[in-house]
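See below for the structure under consideration.
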Amino acid sequence: MIKFFRQSYAIQYVVIALMAVALWIPAFMSGTTAVGLDEPVIPLFNLVSGLLAFSPFVRLLFAFFLLVVETLVFNAMLVRNQIVGKVSTMGAFVFVLLMSLTVTQTDFYPFALSTIFILLAISNLFDVYPLPNPELGLLKTGVFVALASMCYFPAIFLVLWVFIALPMAKKGTLRLQLIPIFGFLFVYIVYFFGVFLFGDFHQMAANYRDYFTSIKFSVSGFNLKTISLLVLLFVPSILLFVGGGNAGFEKTVEVRAKISMTVVLLVFALLLLFVGGNVLMNGLIFIVLSIFVSYAFSYMGNTGWANLFLVVFLALVFANHYYFKLL
């Protein structure tokens, strides 16, 4: 199965599309969707959610369409950055599986909308490594992080990730590190100015003040089921990445740097699990693990045990979607 997705032909995309549809059918059959957290500090998500509020089915269809677009962006990003093979659908397969892992994730919620902007931010940051003049890419990275935070506000912490990761991309001068911060602030300045002219600026300021004074890390989103799922996913993923992801493949300095940047991103992904709310809806961890697993599956030598684990894992995922519905 793993070797099958190391290739890129029409049949691989058909299989991935069928898997995505199969994972989302229970959500469409239920006929209801959850909007997610009702927070005033996510104006872009609130805008899109409001436009789709007339029909739960359309809202869910939009969420599925988002997944399709994000899958293509994710796979293209991995191929372009040599994290998977030059002709591979491995990234698309792993991304669809991990981003639709549970019934909770097959829905329209803040992180689902922010994912496209987070992927574009990661992609732009990866792309600046070989560029002699990376200013535009860094500016776009900051803009995409800002847009992501307007859908899922904890994504604001990715500004700090960008600042830390830039030296790994050999772009660690203070001038270059300030560019994505400027891009981030530009989006918010435009938003604040628009609210000042046409909205209730004092209420908006109070909303942001209240959010920052009340935000705290907690374990309220964890329970035995979510902890078990994260352990089942996280431990094998890291073991595959560390132990089987480089057999027969000599990583270039550029690939090593991008993997190191992703390792730092993992730290932020783990921290975001504790920002409150449903852990499964704080989905940065699934993006990071998708990168690690895709890399490991693409370059490992002996795929026997990995194939067995993947088959069992797929069976458990589909059983949860269609029978148990525990998460």
Side-chain angles (χ1 to χ4, degrees), residues 23-24 26-27 30 32-39 41-42 45 49 60 63-64 66-67 70 74 94-119 121-122 145 148-158 160-161 211-212 214-241 262-293 313-314 316-321 324-327:
L23 290 171
W24 280 69
S30 69
T32 59
T33 61
V35 175
L37 301 176
D38 184 18
E39 294 180 352
V41 294
I42 48 174
F45 174 81
S49 180
L60 191 59
F64 181 76
L66 262 180
L67 175 71
E70 290 161 358
F74 181 80
V94 174
F95 186 83
V96 167
L97 178 61
L98 296 192
M99 297 304 289
S100 308
L101 198 58
T102 67
V103 177
T104 300
Q105 292 167 271
T106 53
D107 208 336
F108 183 62
Y109 54 98
F111 188 84
L113 183 58
S114 74
T115 299
I116 182 65
F117 300 115
I118 292 175
L119 291 178
I122 296 172
V145 170
S149 70
M150 287 185 170
C151 302
Y152 170 75
F153 194 70
I156 194 172
F157 291 110
L158 293 181
L160 182 58
W161 169 67
Y211 186 91
F212 279 108
S214 63
I215 188 173
K216 60 181 179 179
F217 291 93
S218 72
V219 295
S220 60
F222 290 90
N223 55 45
L224 182 60
K225 291 185 289 188
T226 56
I227 292 173
S228 300
L229 173 66
L230 290 173
V231 171
L232 178 63
L233 177 63
F234 187 82
V235 174
S237 298
I238 297 302
L239 290 176
L240 284 170
F241 171 71
T262 308
V263 171
V264 176
L265 184 60
L266 175 63
V267 176
F268 286 85
L270 291 173
L271 289 175
L272 291 188
L273 293 176
F274 296 90
V275 298
N278 193 320
V279 168
L280 299 175
M281 292 182 171
N282 299 335
L284 184 60
I285 187 68
F286 300 110
I287 294 178
V288 175
L289 291 182
S290 293
I291 296 174
F292 288 161
V293 173
F313 189 74
L314 278 169
L316 291 174
V317 170
F318 276 96
N320 179 65
H321 276 270
F324 300 109
K325 296 186 178 180
L326 296 173
L327 294 162

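The structure displayed is predicted, hence computed values, not measured ones.
Contact annotation: the side chain of F286 approaches that of L233 to within less than 4.5 Å [non-hydrogen atoms, C-beta and beyond]. Contact annotation: the side chain of T115 never approaches that of Y152 to less than 4.5 Å [non-hydrogen atoms, C-beta and beyond]. Counting only heavy atoms from C-beta outward, the side chains of L272 and V275 approach each other to under 4.5 Å. Taking the side chain as every heavy atom from C-beta outward, F157 and L271 never approach each other to under 4.5 Å. V145 has its side chain out of reach of W161: every pair of non-hydrogen atoms, C-beta onward, lies at least 4.5 Å apart.
In this structure, L23 CG and M99 CE are separated by 12.5 Å, a value rounded to the nearest 0.5 Å. The distance from atom CG of L316 to atom CG of N320, rounded to the nearest 0.5 Å, is 9.0 Å. Here the OG1-CZ distance, from T106 to F64, works out to 10.5 Å after rounding to the nearest 0.5 Å. Rounding to the nearest 0.5 Å gives a distance of 10.5 Å between OH of Y109 and CZ of F45. To the nearest 0.5 Å, atom OG1 of residue T262 and atom CD1 of residue I291 are 4.5 Å apart. Distance CG/L289 to CG/L266: 6.5 Å, rounded to 0.5 Å.
P236 and V231 make their closest contact through CD-O, 3.6 Å (heavy atoms, listed as atom of the first residue, atom of the second, distance). P110 and C151 make their closest contact through CB-O, 3.0 Å (heavy atoms, listed as atom of the first residue, atom of the second, distance). The two residues E70 and A112 have their closest heavy-atom pair at OE2-O, 2.9 Å. Listed here is the closest heavy atom pair of I287 and F74: O-CE1, 4.1 Å. Counting all heavy atoms, side chain and backbone alike, F153 lies closest to I42 at N-CG2, 3.6 Å.
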Exercise for the section: Applying side chain to side chain contact (heavy atoms under 4.5 Å, CB included), run through L229 and L101 and close with a yes or a no. Expected result: CA-CA 10 Å; L229 173 66; L101 198 58; 3.9 Å; yes
Exercise for the section: Mind running side chain to side chain contact (heavy atoms under 4.5 Å, CB included) on L284 and L265 for me, showing each step along the way? Expected result: CA-CA 9 Å; L284 184 60; L265 184 60; 4.1 Å; yes
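Taking the six-membered ring for Trp and the full ring otherwise, F292 and F234 have centroids separated by 6.0 Å or more.
Side-chain N or O atoms of T226 include none that pairs as donor or acceptor with a backbone N or O of F222 at under 3.5 Å. Between the side chain of Q105 and the main chain of L98, a donor-acceptor pair closer than 3.5 Å is present. In terms of modelled atom types and a separation under 3.5 Å, the side chain of S100 and the main chain of V96 share a donor-acceptor contact.
Among L273, T104, D107, the one residue that satisfies the side chain to side chain contact (heavy atoms under 4.5 Å, CB included) test with L280 is T104.
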